[in-house]
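Accompanying notes for the structure given below.
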Amino acid sequence: MTINDTDNWVDRLAQSIPTGNLIVAPNRRPSYALIAVDSDPTAEIGKAGGGQNVYVRELGLGLARRGCQVDIFTRREHPEQEEIVENSPGCRTIRLTAGPAEFIDRDKLFEYLPAFIDAWWVFQLKSARNYTLIHSNYWLSGWVGLQLKSHLGIPQVHTYHSIGVVKYQGMAKPPAIAVTRHLVETACLTSTDCVISTSPQEVADLRQLISDRGRVRVIPYAINTSHFGSIARTVAREHLKIANDEKLILYVGRFDRRKGIETLIKACATLTKPFRLYLVGGDRTSREECQERQRIQHLVTELGLEDATVFVGQVAQTELPFYYAAANVCVIPSDREPFGLVALEAMAAGTPVIASIVGGLKYTVIHRETGMLIPPNEPTALAAAITEVFDARRC
Ligand code: UDP
């Protein structure tokens, strides 16, 4: 797989929209409502967002560059947040008030969706914009999109980002919302006009675990390659004050059990020192992420890796290219990964990736070409792969 640039990706998305030639309609500027209840595209990525925020933001900006009017609807999470933010000419973020203006865990958001829809109608009446397409992101927005579609009679495109039945597989006690989520995710597949899937694995999961009905197109995520691929290793190391001969293993991502950081730490405990392990990410305002970070810190101490490990914390997207460029290897040890933008970002920097052979990673990493694919949850296999990359690169 090649690393798509965002412009290409937006073109493919625009072409897949099942509404004839909306993008080039002669007399009418297409107007898209992107619904992203739980992923504000203006959130500082790494602080309050992940891959889904990046996807929504890049899609909105890209469609606007092609002449569409794009409104991205999200939920207000702070009383001082402005209602309307101009992201770029033609692309706005609209923050609707639905429930308390504070962060609410995704699993508890469903009850606020009727209020979100009410606020959407109020805004729509005020702005008098006639949307020609709805693009919903994640199941919560999928539900909102389905309600709006039934009233407005316009097409809806949906992107899952994650599928409940896959996420809850093997979980002893799935959350109470799991059943509702499954029903909504089934409706998103069977009743929207097109599902944009990010990997062939996701399509297989949709077909096996949800329904064989509904139109699906695979369009993998893309990244801005010039942003991530513009820095030389020596420049990056100088910037980050890392010695040129230091062996550097990099992890970038949220602190979440399913990201497999534990496997990485156990693998590192068996490597020959000296080396450095940089752990980038971890939202300090999230209780779950703080708990996982503490658990990982204990493991690091227990396995004697304190000197080698640096908990870098969150890094803004503008700074991240330095970390990717400085690293000898970027490890994505996830147990489950719907897509995994980090793999593309590291590859754009020319840094080898070692990733678990799961989800979208199976298709983004080319084994022994752009990196290595290894079984998840296997520290020994991961340690062997890291050693092989170090040896091949003579680091
Ligand atoms: N990210 C970031 N700063 C951090 C940690 C992560 O900007 O400190 C970004 C990273 O560059 C990527 C996104 O967060 O664009 C994570 O996306 P991915 O698909 O890998 O994982 P997700 O968070 O969606 O599970």
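Just so it is clear, the structure is predicted and the values come from calculations on it, not from any experiment. Both counts, for ligands and for their atoms, begin at 1 and track the order of listing. Excluded from the calculations below are hydrogen atoms, water molecules and symmetry mates; all remaining heavy atoms, backbone and side chain alike, are included. Start at 1 with the first residue, then count along the sequence.
Under the 4.0 angstrom criterion for non-hydrogen atoms, R258 is in contact with ligand 1. At least one heavy atom of K259 sits under 4.0 Å from some atom of ligand 1.
Judged by the 6.0 Å distance and 45° axis criteria, R106 is positioned over the aromatic ring of Y138.
Taking only nitrogen or oxygen atoms, main chain and side chain alike, V280 does not reach within less than 3.5 Å of ligand 1. By the 3.5 Å distance cut-off applied to N or O atoms, L341 is counted among the residues near ligand 1. Close N/O approach between A316 and ligand 1 is not found [any backbone or side-chain N/O within under 3.5 Å]. Here's the thing with L320: none of its N/O atoms is less than 3.5 angstrom from an N/O atom of ligand 1. Residue Y221 has no nitrogen or oxygen atom sitting less than 3.5 Å from a nitrogen or oxygen atom of ligand 1, judged on distance alone. Considering backbone and side-chain atoms alike, Q314 places every N or O at 3.5 Å or more from each N or O of ligand 1.
Panel note: side chain R75, backbone E102; a donor-acceptor pair is recorded below 3.5 Å. Judged by distance alone, with hydrogens and angles left aside, the side-chain atoms of S211 form no donor-acceptor pair with the main-chain N or O of R207 at under 3.5 Å.
Applying the 4.0 Å criterion to heavy atoms of Q317 picks out, from ligand 1, the atoms 2 (C), 7 (O), 9 (C), 10 (C), 11 (O), 15 (O).
Neither the backbone nor the side chain of H161 has a heavy atom within less than 4.0 Å of ligand 1. Only side-chain heavy atoms of V252 come within less than 4.0 Å of ligand 1; its backbone N, CA, C and O stay farther off.
Residue pairs meeting the salt bridge (Lys or Arg N to Asp or Glu O under 4.0 Å) criterion with at least one partner in residues 178-192, sequence neighbours excluded, are R181-E185.
Side-chain heavy atoms closer than 4.5 Å link hydrophobic residues (I, L, V, M, F, W, Y) into clusters, and following such links, even through other members, never connects I177 to L146.
Grouping Ile, Leu, Val, Met, Phe, Trp and Tyr residues whose side-chain heavy atoms lie under 4.5 Å apart, directly or via other members, places V166 in a hydrophobic cluster with Y160, I163, V165, L189, V195, V203, L206, L209, I210, V216, V218.
The nearest pair of heavy atoms linking F322 to L240 is O-CD1, 3.6 Å.
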